[in-house]
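Just so we're on the same page: letters track the sequence lines, and every chain starts at 1.
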Number of protein chains: 2
Amino acid sequence: MRISEAAARSGLKVDTIRYYEAEGLIPNVTRGSGGQRRFSPENVDWLTLLYWLRETGMPMKVMQRFAALYAAGDATIPDRKDIFLDHSRLLAKRRDDLDRCDEILTRKLEIYEEYLR
Amino acid sequence: MRISEAAARSGLKVDTIRYYEAEGLIPNVTRGSGGQRRFSPENVDWLTLLYWLRETGMPMKVMQRFAALYAAGDATIPDRKDIFLDHSRLLAKRRDDLDRCDEILTRKLEIYEEYLR
DNA sequence: ATACCGGCCTAGAGTAACTTCAGGTCAAGA
DNA sequence: TCTTGACCTGAAGTTACTCTAGGCCGGTAT
């Protein structure tokens, strides 16, 4: 499929996909006769993964490292596992942050409510 | 207190505080005789709020609007309440995102585990 | 009194991660 | 064949910091 469909399916924007490819974050992207990118379902799965990793705050350098490990073959699976475990810890931290911010907002909203009565 | 202490208490960096002040995000910052910033406990509470809002993804433009509303007095409390309610919805969305990413990571990790057996 | 020096100041350059733009090419339908 | 919407590249612009350079302030040890 072409880039616009890959964008629609993965959640990433067309421009972001091109940018990510230029930065080496997407392996195995082929080109059609006229130089246009062609995306396989596997490419789209990969993009979707990148979308969620980015959405939850993984820095690009880490994604870059992850893509390089993937390209280097199955021997790098333990390293990739470590990246995911680290990110999982980050997710937990972010959940705590959200809860803490929610508390603060709730308190402020109560004060506003009090004031508006 | 001085800026380094305000930074330590709020979670923001010294540079970020100076930047935020230049952008109009921090009301009522006074200066000592030599031009150095002086922060009251109220300033620190405000900085702490900004820290958590930023940490959970509030764009600077919204913080700017919030600061302007605050400076405009109590009549803007309903507007400020709306900003908080909007942000609260954003927090809920982010929690969903985290859960979804966690699922994806868990699935990938299972596949890796399978492979490493 | 003064010399020191870590913390504070500003203006401006640098960075990360996109996003938009300008100018040109491709390809599928009328 | 002609058109027109999607695609291409390289470069400039944006957001939200972050860091650097060069200079000033202020608490304290001599």
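- A sub-4.0 Å separation between OP1 or OP2 of C:dG6 and a side-chain N or O of B:S4 is absent.
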Query - Protein proximity profile, nucleotides 16-25 of chain C - base contact B, sugar-phosphate-only contact S, no contact -, cut-off 4.0 Å on heavy atoms - result: SBBSB-----
Query raised in the report: Do A:F39 and A:W46 pass the ring-ring contact (aromatic ring centres under 6.0 Å, His included) test, and can you show the C-alpha distance, the side-chain angles, and the key distance before you say yes or no?
Result: CA-CA 10 Å; A:F39 294 85; A:W46 182 268; over 10 Å; no
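- Between the B:N43 side chain and the B:S40 main chain, a donor and an acceptor come within less than 3.5 Å of each other.
- In this structure, A:R100 has no side chain to side chain donor-acceptor pair (under 3.5 Å) partners at least two apart in sequence or on a different chain.
- Taking side-chain N and O atoms only, A:R37 has a distance below 4.0 Å to OP1 or OP2 of D:dT9.
- The same ILVMFWY cluster, assembled from side-chain heavy atoms under 4.5 Å apart, contains both B:L53 and B:L69.
- The phosphate of C:dC8 (OP1 or OP2) has no side-chain N or O of B:R18 nearer than 4.0 angstrom.
- One finds no side-chain N or O of A:R2 lying less than 4.0 angstrom from the OP1 or OP2 phosphate oxygen of D:dC8.
- Between A:Y112 and B:F84, the ring planes lie parallel to each other; the angle is under 30°, not in the 30° to 60° tilted range.
- In this structure, A:R31 reaches the D:dT9 phosphate: one of its side-chain N or O atoms is under 4.0 Å from OP1 or OP2.
- Going from atom CH2 of A:W52 over to atom CZ of A:R54 covers 10.5 Å, rounded to the nearest 0.5 Å.
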